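Just so we're clear, the structure is a prediction, and the values are computed from it rather than from any experiment. Quick note on labels: first sequence line is chain A, next is B, and so on, each numbered from 1.
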Amino acid sequence: MAQVLPAECGLRRVLDEEREVDGLGERDLLELHRQMVLLRTYDERSVVYHRQGRIGTYAIFWNHEAMQVGAAFALAAEDWIFPSYRESAIGLLRGMPAATVLSWWRGHPAGWWNPLDYNVASICVPIATHVPHAVGLAWGKKLRGEPACALAFFGDGATSEGAFHEGANFAAVMRAPVVLLCNNNQWAISTPLEAQTAAKALADKAAGYGMPGVRVDGGDVLAVYEATREALERARAGEGPTFIEALTYRAAPHATADDPRAYIDLARVEEERQNECLGRFERYLGRLGVLSEEAAAAVRAEALETMRGGIAAAEAEPPADPELVFAHAYADPPASFRSDLAELRRILGG
Amino acid sequence: MAQVLPAECGLRRVLDEEREVDGLGERDLLELHRQMVLLRTYDERSVVYHRQGRIGTYAIFWNHEAMQVGAAFALAAEDWIFPSYRESAIGLLRGMPAATVLSWWRGHPAGWWNPLDYNVASICVPIATHVPHAVGLAWGKKLRGEPACALAFFGDGATSEGAFHEGANFAAVMRAPVVLLCNNNQWAISTPLEAQTAAKALADKAAGYGMPGVRVDGGDVLAVYEATREALERARAGEGPTFIEALTYRAAPHATADDPRAYIDLARVEEERQNECLGRFERYLGRLGVLSEEAAAAVRAEALETMRGGIAAAEAEPPADPELVFAHAYADPPASFRSDLAELRRILGG
Amino acid sequence: MAELTLVEAVNDCLHTELERDPSVLVMGEDVSRAGGVFRATAGLRDRFGPERCVDTPLAEAGILGSAVGLCMAGWRPVCEMQYDAFSYPCLDQLITHVGRYRWRTGGAMEFPLVVRMPYGGGVRAPELHDDSPETYYVHTPGVKVAIPSTPADAKGLLAAAIRDPDPVVVLEPKLHYRTLRGEVPEGDHVVPLGRARVAREGEDLTLVAYGSMVPLAEAAAEALAEDASVEVLDVRSLKPLDEEALLASAGKTGRVVIVQEAPRMCGYAAELAAILAEKAILDLRGPVLRVTGYDVPYPYWQIEDAYMPSVPRVVDAARRLLSFE
Amino acid sequence: MAELTLVEAVNDCLHTELERDPSVLVMGEDVSRAGGVFRATAGLRDRFGPERCVDTPLAEAGILGSAVGLCMAGWRPVCEMQYDAFSYPCLDQLITHVGRYRWRTGGAMEFPLVVRMPYGGGVRAPELHDDSPETYYVHTPGVKVAIPSTPADAKGLLAAAIRDPDPVVVLEPKLHYRTLRGEVPEGDHVVPLGRARVAREGEDLTLVAYGSMVPLAEAAAEALAEDASVEVLDVRSLKPLDEEALLASAGKTGRVVIVQEAPRMCGYAAELAAILAEKAILDLRGPVLRVTGYDVPYPYWQIEDAYMPSVPRVVDAARRLLSFE
Ligand SMILES: Cc1ncc(C[n+]2csc(CCOP(=O)(O)OP(=O)(O)O)c2C)c(N)n1
Ligand SMILES: Cc1ncc(C[n+]2csc(CCOP(=O)(O)OP(=O)(O)O)c2C)c(N)n1
Ligand SMILES: [Mg+2]
Ligand SMILES: [Mg+2]
């Protein structure tokens with residue numbers, strides 16, 4: 001039987017080992033920091049906006065910023081990102097306005113972006129079903145001789161779904177240039193990892209697909225960056241997909257609607273919060289003498305400004321036109337839409 | 001990444017190593033032989049019956065008898081078997097009349113047996129979808145404190161399906177006493193193993209579920225028996241499922257409707273036919289001096305007799321009553337069935 | 001009789017049925033430790049243990065597929081799908097096995113499993129938390145389907161489903177999980193499948209509805225009170241259907257408007273209209289009208305109210321029918 | 001014009017469309033090395049290479065899910081499902097993504113994929129090789145559905161589907177793959193979606209059918225020739241539906257029998273009957289009758305003829321309707 005890694009060891013780390021990642025200059029480190037602060041601020045503000053009733057239910061990604069920023073930073077502009085709801089704001093790293101993502105959580109049409117504008121696919125709500133999409137895109141790009149790779153984010157729970165399995169197998173068989181990044185935050189809502197799988201490590205699934213499986217400290221932005229960069233090098237070299245297990249811990253509720261006190265170990269959560277990924281990176285940068293407190297404060301201020309502007313813009317959106325109900329379902333809609341629309345107008349007319 | 005076994009080595013073998021399996025006496029060896037001859041005869045006669053138009057399309061299992069007999073022989077009477085169409089005649093090893101299985105292939109109601117009579121589930125036609133059934137049964141028996149285990153047969157192609165994946169994961173998480181026996185005959189109709197998976201060995205999938213993965217020579221009835229027996233011991237000891245990859249080669253068409261010449265390497269097929277599993281076992285028994293040519297001939301004659309009786313009985317079945325269309329769909333059928341049945345009677349009345 | 005919300009009635013039913021029959025178990029995503037994302041299974045783990053209220057891995061086909069095996073081992077599994085649209089991964093198991101396995105064994109084995117889930121829109125949720133998938137289930141042979149509209153029926157129909165020898169899918173209107181309160185009989189309470197409920201008596205026109213559309217139909221009937229005496233028929237058991245009740249009401253009023261939240265094409269309203277077109281043609285005083293969701297993906301929530309059948313839309317249809325000559 | 005069988009016409013279409021548009025590719029189980037279990041994709045691998053005629057792993061959801069990604073990369077994938085009932089594992093991708101992704105991007109991206117499969121019974125096959133799953137597809141928003149009944153339409157509708165900017169499911173009547181021959185235009189041949197075909201003109205009664213039920217309806221019309229002049233309407237494009245053609249024929253004959261192989265409840269015949277009950281009520285001279293498969297699992301083949309709509313059943317329904325007063 002294939003050899004299994006013990007769950008807590010065999011993790012690739014950079015920050016705690018005081019290593020440096022070659023090829024990353026000071027400017028890169030500061031950009032990584034800026035992006036992490038931006039996502040952290042987006043997340044914290046969103047929870048507030050939700051409480052204020054300014055956005056709907058929201059899936060919190062606090063303490064997931066390191067893996068999202070680290071992985072995305074390794075990508076080239078032409079590479080695609082396939083986010084789940086947990087990476088809803090990943091587009092911000094590609095220049096998407098905060099207002100767009102906020103609008104999505106507000107259930108407003110302004111929240112549905114054009115993936116081609118950012119090479120960021122639509123947020124995937126049903127678990128794991130976007131994995132084959134990422135694989136198909138990567139495979140299709142390769143068939144066309146285009147260099148683009150794909151990066152798919154999904155959770156530990158997602159690895160239980162058939163869609164993950166079928167997508168991963170297609171990826172390996174087609175040697176698709178795709179990185180399967182598993183956010184192992186050890187919870188699927190209230191279901192702990194040990195009720196999700198008996199595998200010692202999720203990365204052990206990789207061998208079954210004939211692809212490398214890598215385990216990284218998901219709270220270590222540089223480790224995730226490094227592992228993703230290597231995976232992308234393999235992909236571009238025509239060696240196919242890589243499965244990356246980014247191990248972290250969900251230190252916040254699953255979503256604003258969720259109350260984890262019913263099922264979670266609060267002491268463990270507190271411990272994780274002490275060791276959250278942004279603080280870890282800031283302490284590392286501090287030790288390197290790269291980040292001053294003033295610089296950090298300025299970055300935070302800028303991010304807050306972005307969010308203020310974002311929510312204002314989202315709230316300034318005109319109310320959605322109800323007739324949009326009939327828009328975009330088809331390139332050329334069936335004739336029946338005409339009479340349905342007429343009915344709707346009559347009703348709305350009062 | 002998890003270590004991967006090279007595809008052709010690491011195979012457990014008994015026959016070629018001239019080993020003996022402890023606990024197996026002469027009577028057992030002869031019973032194994034009798035069962036293999038029975039299945040071989042069933043298969044070869046069925047192909048003839050099909051050509052004669054006496055049964056419909058038929059999925060040939062020639063050269064799969066070793067893994068079917070070897071695995072089933074390791075079971076206790078209370079253990080359940082979940083066959084695919086490739087193991088359609090496995091019930092014969094549990095005392096099911098040949099006429100029943102032949103009737104199934106004749107599309108006659110007499111072919112639908114009561115699984116409780118043999119602890120053999122219905123033949124599963126859709127690939128891999130019976131894997132979760134086997135897992136659920138094993139899990140359910142365990143919950144009730146009953147000793148029964150389950151044995152599920154499925155192919156190499158089946159490992160690509162989400163249903164296999166979800167079932168295997170449930171099995172490991174629930175520590176279900178189930179044996180997942182993968183018939184790796186290296187073809188899914190016309191699709192070769194290398195187009196099905198990039199894994200070095202299908203057994204490498206096991207680690208991803210946190211269960212042992214074992215590779216055996218699928219043409220070696222004793223190796224399959226031994227591996228299955230060990231898996232069942234683990235299962236009964238509460239240690240959960242085992243994945244067994246039984247490696248063989250499909251040396252016959254996928255089914256009577258299939259013409260493999262379009263895609264298969266006929267030289268390789270010929271080679272496999274020379275080394276087919278029944279001959280291998282008979283040569284082994286010969287070397288042990290356990291099986292005389294007379295005894296073997298008698299066993300073949302008995303099997304032929306069984307088939308003659310079986311097809312005669314199947315053909316003696318009265319034509320199926322068309323009204324059975326409305327039978328058995330529900331324990332208590334909807335009222336609409338009454339009027340539908342009345343209509344059908346009127347039509348059939350002419 | 002206790003005053004319960006609809007979801008409390010579901011929970012009450014599960015407690016009652018697990019108590020009553022030791023072969024009943026509940027399984028699904030987040031049903032055990034958390035008691036379900038809507039709390040429908042709250043308290044079951046503490047009372048009956050983690051083996052009879054099971055948190056499964058995140059795999060809907062695995063849930064339903066292993067439930068088939070559990071039935072073969074003598075269990076009566078009640079499977080929760082966390083939301084309507086997340087039940088689609090289990091359609092393959094439902095169509096190829098759940099609806100056929102009994103028949104496949106010549107009636108020798110039974111598959112008394114239940115699939116229950118919250119369904120429907122109007123809850124201001126992200127996409128795929130709003131579907132009305134009943135057609136996929138009703139069209140599948142070998143499967144029964146029920147949809148309650150009141151707390152009492154939520155308990156009674158689910159109890160009937162759990163005790164039924166055949167597989168039953170129960171869709172629960174999540175829109176009314178907490179907004180609808182009502183009297184619910186304590187302990188044993190079964191509402192047999194196959195019987196519709198006249199929610200309101202009327203003479204001139206029948207509004208046929210089920211699930212979350214019933215309160216809507218009642219409101220529309222009220223709004224129409226001055227123009228006409230409107231009957232509201234709550235189908236509640238979609239399969240088996242209480243055809244007599246449908247034909248009786250159509251025979252009485254001669255005017256039928258069917259209200260359905262799901263998209264129109266091949267929706268359940270089409271089935272009801274087809275039955276009327278075949279069996280009530282001489283009773284009909286006008287066309288059979290359907291007020292349904294449109295044939296589009298369920299919209300983002302800021303405009304979902306335009307998609308959902310509304311009182312004005314139902315009233316508009318009813319007025320058109322009443323003035324038909 | 002060449003004389004082709006229905007499956008040869010499908011094959012001809014695929015050769016034509018892959019030749020015509022380099023972004024079209026074919027994928028599925030056994031489509032490449034073997035050319036498909038029905039030979040529908042024969043010759044494509046040799047002519048266009050294994051990258052445009054792809055043998056996939058055995059995973060229907062993986063096929064359709066990766067096809068969604070291929071669309072995002074600019075391809076127009078034509079996915080084969082090996083048989084009707086083996087398409088069910090892809091329903092989740094179809095409902096949650098294929099039918100919604102365009103809408104989800106505000107119309108910015110198109111998903112011009114095709115899912116084609118042999119469907120239907122009467123072929124003396126083991127279970128699950130005989131289903132008529134059109135309802136599952138028609139009910140799904142964002143997806144179009146076509147079912148040809150002739151070799152020419154098999155080519156023309158599939159060509160239209162491949163060139164269509166929206167996802168289209170094409171069901172091919174396997175019963176007639178080889179038994180039906182007919183003239184098929186060579187090269188470019190497109191039969192636009194949304195147009196029904198009058199297969200036979202008549203005055204007294206309309207038989208509405210599609211796919212494998214059309215030849216059956218034509219035979220029934222022939223059998224009825226002495227009693228009545230029977231029109232046969234071949235719907236062929238189920239979604240979008242040619243409602244005008246349906247209403248025109250119903251308006252002319254006033255008597256409609258709808259023939260469908262799939263189980264009755266929520267079948268496509270129900271949708272057609274509902275449309276007639278809403279929009280043709282004053283034209284109807286009698287009930288709208290449905291002759292369909294029964295609401296049971298498709299039976300083992302020795303009795304499948306009792307399940308399938310038959311000429312006698314259609315004639316019986318037509319006679320009842322003709323003598324209705
Ligand atoms: C197919 C499907 N089933 C169920 C759900 C409901 N659901 C939303 S999030 C979630 C847990 C996902 O856990 P995981 O994959 O670990 O990702 P995480 O939320 O931890 O990032 C579930 C069950 C869903 N969205 N899709
Ligand atoms: C879900 C599903 N998809 C497709 C098919 C059609 N089909 C029947 S057998 C087969 C190949 C199966 O290959 P494998 O799993 O290796 O088993 P083997 O036939 O080699 O024993 C396929 C694709 C099916 N029966 N079920
Ligand atoms: Mg998680
Ligand atoms: Mg095989």
Assert yes or no for the condition that the ring centre distance of A:W113 to A:W104 is strictly below 6.0 Å. no
Within the 3.5 Å criterion, strictly below it, is a donor on A:R86 or A:H254 matched to an acceptor on the partner's side chain? yes
Residue pair D:S149 / D:D234, side-chain donor-acceptor N/O under 3.5 Å: yes
Establish, yes or no, whether a centroid distance under 6.0 Å links the rings of D:Y88 and D:Y136. yes
If I measure from the heavy atoms of chain A, does D:L25 come under 4.5 Å with its side chain, its backbone, both, or neither? side chain
Top contributor to chain D interface from A:V135, A:V125, A:V131, A:L116 [non-hydrogen pairs under 4.5 Å]: A:L116
Can you spot which of A:F153, A:F170, A:F154 makes a ring pair (Phe, Tyr, Trp, His ring centres under 6.0 Å) with A:F164? A:F154
Need one label for A:D117: side chain, backbone, both or neither, based on atoms under 4.5 Å from any heavy atom in chain D. neither
If one checks every heavy atom of A:A121 against chain D at 4.5 Å, the contacting part turns out to be both
Leading residue by heavy atom contact count with chain A [cutoff under 4.5 Å; candidates D:E60, D:R52, D:K144]: D:K144
Can you tell me which portion of D:D164 sits under 4.5 Å from chain A's heavy atoms? Options are side chain, backbone, both or neither. side chain
Ranking A:M174, A:H130, A:E166, A:H133 by heavy-atom pairs under 4.5 Å to chain D gives rank one to A:H133
If you take the centroid of each ring, where Trp contributes its six-membered ring, are A:Y209 and A:F243 closer together than 6.0 Å? no
Under 4.5 Å from any heavy atom of chain D, what part of A:A327 do you find: side chain, backbone, both or neither? backbone
